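Taking it in order: structure first as structure tokens, then the write-up.
This structure is a prediction, so every number in the text was calculated from the model and none was measured.
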Amino acid sequence: MKDDTPFDLAVVGAGAVGMACAMWARMRGLSVLLIDENLPGSGASYGNAGTIATYACVPVNSPGIIKFLPSLLFSSESPLGIDWRYALANMPWLLAFLRNCSASRVHTICDQLGDLLSHTDAGLDPLIDEAGAGDLMVTNGCLYVYSTEAGFAAAGNDTEARRRNGVEFDILDADAIRALEPALKMPLHKGLLFSGARHVRDPQALIMRFHDWFTGNGGIWLQSRVSRTMAGNAGVTIELPDGRTCKARKAVIAAGAHAKAIAGAGTSGLPLDTERGHHVLYKDRGGLISRPVGWADGGLYATPMAGGLRIAGTVEIAGLDKPKSPGRIAYLTRKSHEMFGDLGVPDEDWLGFRPTMPDALPVIGPSPTSDRIIHAFGHQHIGLTLGGITGRIVADLAEGRVPNFDISAFDPGRFSKR
Ligand SMILES: Cc1cc2nc3c(=O)[nH]c(=O)nc-3n(C[C@H](O)[C@H](O)[C@H](O)COP(=O)(O)OP(=O)(O)OC[C@H]3O[C@@H](n4cnc5c(N)ncnc54)[C@H](O)[C@@H]3O)c2cc1C
């Protein structure tokens, strides 16, 4: 590390979001320090479903959620789990989430996410090209399937929101779905085929490729926890737990669901929480399907990955401290057997922390406390998809440029304005 000369930019967090921020800033010629206490891509970005979900403008927030809440919360076959003690202690987040479930709020959120998602390729493809990571990408579409007529009908507004946002898809009947994916064994009513969609065969390998490019092209990597950032007129001092400090003109907080724990960064007052998600993996079963299959009724994706068949998803509201949930893992195992027949015991299971704001919109922009600190977190279910464009926006802000589209919907200060 350099002694006194500050870096142009320090990035805290090397997940899908922070890694893209660091790489974009380095591609623009800035001197960049990237810090993470863990290996790059080993947080939420490790075990996701791998979809580049440009079609996913529909948030979990939904006007129907109040009606379906009792069955979602109390059925053992529900894709939603909740730790009531945690939820009661975090009631303000839940109430804010529910406030963002009105039809008009959901309509606005869909359009704001849709706008950001429309820039996905412009943010991601330059990184993939520079890093020579095209071999990790698969373009074979993505299927989203509904087992019942009622489930498909209830998703009518979602389908309409995708159409409004220019998402291209075909509606398939059960025979057409089975012709594409003959291994599926659960009941099928209808499906949406997003023909142009891509997925990543190994999300952590993709982030490691970006990291290799970064360190091979002058970026500086430091494996350490960051305990505090202090912004002043001259720049930002970053404090490590062992007392060492680093200096940068600007700093980015891209620490995902853990961003609130960094003192002095202006994150502690923001309503960031986590939607915990799990996966199970069946090695050597990746060949069962040829594209990601999202099963709406199960709240999960099955994705053919380099390491096998990954069944990833569900939402659990239980915070950052509890370990993996055996109930969620048992649910995913049961559902994967319903989808494909008896797959036996999974070879791997995993828990990851989606970073989620109650309005389902990420936080991208200057901190409410200092414009030397840029926030880049809260990408909920689509951070692998949105990491690249977030990185490009952050590089613009670090250089003092205005991004080429309106990012005011993602302003970290929006919560104090409402
Ligand atoms: C089951 C599941 C399925 C998903 N499927 C998809 C999908 O198909 N497509 C999609 O686009 N998205 C998907 N997502 C969402 C996506 O994985 C997340 O939105 C994304 O990974 C968030 O990236 P991030 O960089 O913000 O966070 P993370 O990947 O969690 O990275 C944050 C990093 O910050 C580091 N850090 C935290 N605190 C500190 C500190 N104090 N000091 C130093 N370092 C720190 C952590 O070690 C970590 O490496 C899924 C998520 C889950 C859980």
Would you compute the distance between atom [atom1] of [X] and atom [atom2] of [Y] and round it to the nearest 0.5 angstrom?
X: Ser224; Y: Glu239; atom1: OG; atom2: CD; value: 11.0 Å
X: Trp93; Y: Leu272; atom1: CH2; atom2: CG; value: 9.5 Å
X: Lys250; Y: Ser370; atom1: NZ; atom2: OG; value: 9.0 Å
X: Gln112; Y: Ile109; atom1: CD; atom2: CD1; value: 7.5 Å
X: Asp349; Y: Thr333; atom1: CG; atom2: OG1; value: 7.5 Å
X: Ile238; Y: Ile373; atom1: CD1; atom2: CD1; value: 8.0 Å

If we ignore hydrogens and angles and just use 3.5 Å, is the side chain of [X] paired with the main-chain N or O of [Y] as donor and acceptor?
X: Lys247; Y: Gly235; value: no
X: Asn165; Y: Val167; value: no
X: Arg276; Y: Leu351; value: no

For [X], all residues meeting side-chain contact (heavy atoms from CB on, under 4.5 Å), sequence neighbours excluded:
X: Glu275; value: Val60, Val315, Ile317, Arg354, Thr356, Gln380, His381
X: Ala261; value: Arg225
X: Ala122; value: Arg392
X: Ala44; value: none

Ring pair (Phe, Tyr, Trp, His ring centres under 6.0 Å): pairs with one or both residues in [range], sequence neighbours excluded:
range: residues 227-256; answer: none
range: residues 245-296; answer: His258-Phe353, His279-Trp350
range: residues 220-241; answer: His211-Trp221

### Task
Would you please name every residue forming a salt bridge (charged side-chain N to carboxylate O under 4.0 Å, His left out) with Asp111, sequence neighbours left out?
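If we apply the salt bridge (charged side-chain N to carboxylate O under 4.0 Å, His left out) test to Asp111, skipping adjacent residues, the hits are Arg164.
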### Task
Could you walk me through whether Asp135 and Arg209 pass salt bridge (Lys or Arg N to Asp or Glu O under 4.0 Å), step by step?
CA-CA 11 Å; Asp135 59 302; Arg209 292 277 183 93; 2.9 Å; yes
Restricting to non-hydrogen atoms, name the atom on [X] and the atom on [Y] that form the minimum distance, rounded to 0.1 Å.
X: Leu193; Y: Leu143; answer: CD1-CG, 4.2 Å
X: Asp36; Y: Asn38; answer: OD1-N, 2.7 Å
X: Ser45; Y: Asn48; answer: O-ND2, 3.2 Å
X: Ser367; Y: Ala265; answer: OG-O, 3.3 Å
X: Ala103; Y: Pro63; answer: CA-CG, 3.7 Å
X: Leu94; Y: Ala87; answer: CD1-CB, 3.6 Å

Do [X] and [Y] make a side-chain contact, defined as non-hydrogen atoms from C-beta onward lying under 4.5 Å apart?
X: Arg228; Y: Ile262; result: no
X: Phe7; Y: Ile220; result: yes
X: Phe214; Y: Val32; result: yes
X: Ser227; Y: Pro241; result: yes
X: Val280; Y: Ile329; result: yes
X: Thr314; Y: Leu332; result: yes
X: Leu384; Y: Thr51; result: no
X: Gln223; Y: Leu34; result: no

### Query
Under the side chain to side chain contact (heavy atoms under 4.5 Å, CB included) criterion, do Leu192 and Phe152 qualify, and how do the steps go?
CA-CA 10 Å; Leu192 306 182; Phe152 183 65; 4.2 Å; yes
side-chain hydrogen bond (donor to acceptor under 3.5 Å, both in side chains) partners for [X], two or more places apart:
X: Glu399; answer: Arg28, Arg401
X: Tyr144; answer: none
X: Asp121; answer: Arg198
X: Glu77; answer: Arg334, Lys335

### Query
Under a 4.0 Å N-O cut-off, is there an ion pair linking Arg85 with Asp83?
no
### Task
Show your reasoning for whether side chain to side chain contact (heavy atoms under 4.5 Å, CB included) applies to Leu9 and Val252.
CA-CA 7 Å; Leu9 189 68; Val252 184; 3.6 Å; yes
Exercise: do [X] and [Y] side chains pair donor with acceptor under 3.5 Å:
X: Glu168; Y: Ser195; result: no
X: Asp202; Y: Tyr46; result: no
X: Arg105; Y: Asn100; result: yes

### Chi angles and distances behind the salt bridge (Lys or Arg N to Asp or Glu O under 4.0 Å) call for Asp347, Lys283
CA-CA 6 Å; Asp347 297 291; Lys283 282 185 189 160; 5.4 Å; no
### Task
Mind running salt bridge (Lys or Arg N to Asp or Glu O under 4.0 Å) on Arg414 and Asp359 for me, showing each step along the way?
CA-CA 10 Å; Arg414 66 186 184 267; Asp359 61 4; 2.7 Å; yes
### Task
Assess the pair His375 and Phe377: is the distance between their ring centroids shorter than 6.0 Å?
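So the answer is yes for these two rings.
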